[in-house]
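Residue numbers begin at 1 in each chain, while the letters A, B, ... track the order of the sequences.
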Amino acid sequence: MAGQSDPHLSIFSASEVEFLAEDETMEIVPNMRMDALHMICGDFGPFFPQIATKVPLWLAVTLKKRGKCTIRPPEWMSVEKLTQVLEAERESPREFQPLPFHYVEISRLLFDHARDDIPEIYMVRSLIEDIRDVRFHKVESGLETISARTHAVKLKNLSVMEVNIVRPFIVRALQAFYKHDSPEMIPQPDATGDRRPPVANRGPRRDLRPR
Amino acid sequence: MALYYDIDDIMMEEELISVVFQVGANGIGLLDPGSETNRIEQGAKVDLPFWLAHELYLRQAVGVQLPAAYNQKTRKEIQADAACVDLKSRCPYFYELGCMIAPLVRDRTIGSFLLYTFVSRYKEILSKAHRTALAAVPKFFPLLTREESHLFEAAHSSMAAFKKWRLGGSRLERASVLGRKRKSIGEMQTPTL
């Protein structure tokens with residue numbers, strides 16, 4: 001049961017997240033003629049040669065494997081766009097750039113199955129790796145600021161895979177901080193004079209990025 | 001109170017704590033290996049597991065002493081360099097036991113000491129946990145208490161799982177049954193044929 005998630009660690013395993021990403025729509029250019037496909041999630045097609053159409057990623061990959069189509073890489077997967085994103089990521093140390101929610105999984109699936117459809121694939125691949133590294137480093141430096149006063153962490157624009165990696169750690173760390181900062185453990189010097197509920201004493205919430 | 005079925009909580013309650021008997025007690029000489037009679041005198045110092053010490057404390061039979069893991073010497077070491085202190089050998093359930101024992105010894109500084117310790121060691125765990133290579137176990141890992149090593153492993157294994165996924169490999173895994181050789185079945189069948 002390799003693809004199944006471990007209940008103690010995180011809610012999803014990487015392959016499950018990949019499975020979810022396969023529902024994203026992709027543009028393909030078929031090279032065969034086929035009637036429309038009627039699925040529970042919607043109707044796709046009909047397919048005509050050289051007429052672009054939109055299908056879910058899993059269908060795109062299946063057709064690609066059989067040589068029935070070429071996949072048009074999404075707009076954000078171009079070298080210019082990714083270079084811009086990487087620069088912006090490096091320039092703003094506290095903000096994440098908006099990227100597709102499933103960008104890690106989509107890019108890996110396309111690299112695996114549609115390498116001939118992506119122009120400058122080596123450049124694109126290394127750019128995505130760099131972006132991911134920069135973003136993950138940002139997450140880590142953000143986590144350093146977690147303290148006993150933190151009771152929520154806001155991570156805007158983070159992609160599902162990145163969240164999935166840090167989720168077990170963040171959850172455990174926040175639980176531990178919460179436990180050790182509980183009012184029973186830390187005597188509050190002004191507890192008698194100040195009748196506020198204990199939650200109000202937990203300080204402002206600390207964001208990983210400014211709002 | 002501790003969770004009934006949590007193995008860590010059960011193990012934590014087994015930690016030995018030294019207590020001083022406030023009353024003399026007959027018939028429990030086995031608790032004190034040094035005693036020659038079957039009696040514990042008033043004022044005798046005995047090491048008891050936490051669960052027993054706690055119950056006796058509630059009956060005002062014993063006074064609990066501060067374990068060495070929370071004394072001034074350890075606190076000085078933690079203040080000097082928290083990440084290098086070997087807390088596991090002192091008490092593998094440092095934080096959990098600390099929370100439980102604080103009301104027993106009436107030491108109101110234990111709570112903030114635990115928090116300070118965790119905050120300073122948390123940074124070290126964070127910086128190492130996602131970075132270290134998959135197979136390598138960092139040098140400081142044996143120093144971590146139970147709670148800290150859980151935290152470390154949570155980060156380490158999720159990163160390892162992600163790296164494994166990224167490097168790819170076949171998405172379909174072969175069931176272990178299929179890997180077996182058919183030969184044994186054939187041999188079993190030959191006599192009947």
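- When all heavy atoms of A:E140 and B:L126 are compared, the pair lying nearest together is O-CD2, 3.6 Å.
- Under the 30°/60° scheme for interplanar angles, the aromatic rings of A:F177 and B:Y122 are found to stand perpendicular.
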| Stepwise side chain to side chain contact (heavy atoms under 4.5 Å, CB included) check, B:F118 with A:D181 | CA-CA 10 Å; B:F118 185 76; A:D181 192 41; over 6 Å; no

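- In this structure, the side chains of B:E147 and A:K179 come closer than 4.5 Å at one or more pairs of heavy atoms.
- With rounding to the nearest 0.5 angstrom, the OG atom of B:S127 is 11.5 Å from the CG atom of A:L143.
- B:L115 and A:H180 make their closest contact through CD1-CB, 3.7 Å (heavy atoms, listed as atom of the first residue, atom of the second, distance).
- Here the closest heavy-atom approach between residue A:F169 and residue B:A155 is recorded as CD1-CB, 3.4 Å.
- Both the backbone and the side chain of A:V104 come within less than 4.5 Å of a heavy atom of chain B.
- In this structure the side chain of A:R167 never reaches within 4.5 angstrom of the side chain of B:S158, judged on heavy atoms.
- Nearest heavy atom pair, residue A:A14 against residue B:A161, reads CB-O, 4.4 Å.
- Between A:E105 and B:R166, no side-chain nitrogen of the basic residue sits less than 4.0 Å from a carboxylate oxygen of the acidic one, so the salt-bridge criterion is not met.
- Across all non-hydrogen atoms, the minimal contact from A:A173 to B:L151 is N-CD1, 3.5 Å.
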| task | List the steps and the verdict of salt bridge (Lys or Arg N to Asp or Glu O under 4.0 Å) for A:R172 and B:E153. | result | CA-CA 11 Å; A:R172 274 193 177 274; B:E153 271 164 12; over 6 Å; no

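- Residue contact with chain B, scored on non-hydrogen atoms closer than 4.5 Å, involves the side chain of A:E129 exclusively.
- In A:M34, the CE atom is crowded: over 12 heavy atoms of neighbouring residues, nucleotides or ligands sit closer than 6.0 Å.
- Taking a 6.0 Å sphere around CH2 of B:W51, one finds it holds 12 or fewer heavy atoms contributed by other residues, nucleotides or ligands.
- Inter-residue side-chain proximity for B:F162 and A:E162 is flagged as unmet; no heavy-atom pair is nearer than 4.5 Å.
- Residue B:M11 places its CE atom among 12 or fewer non-hydrogen atoms of other residues, nucleotides or ligands, all under 6.0 Å distant.
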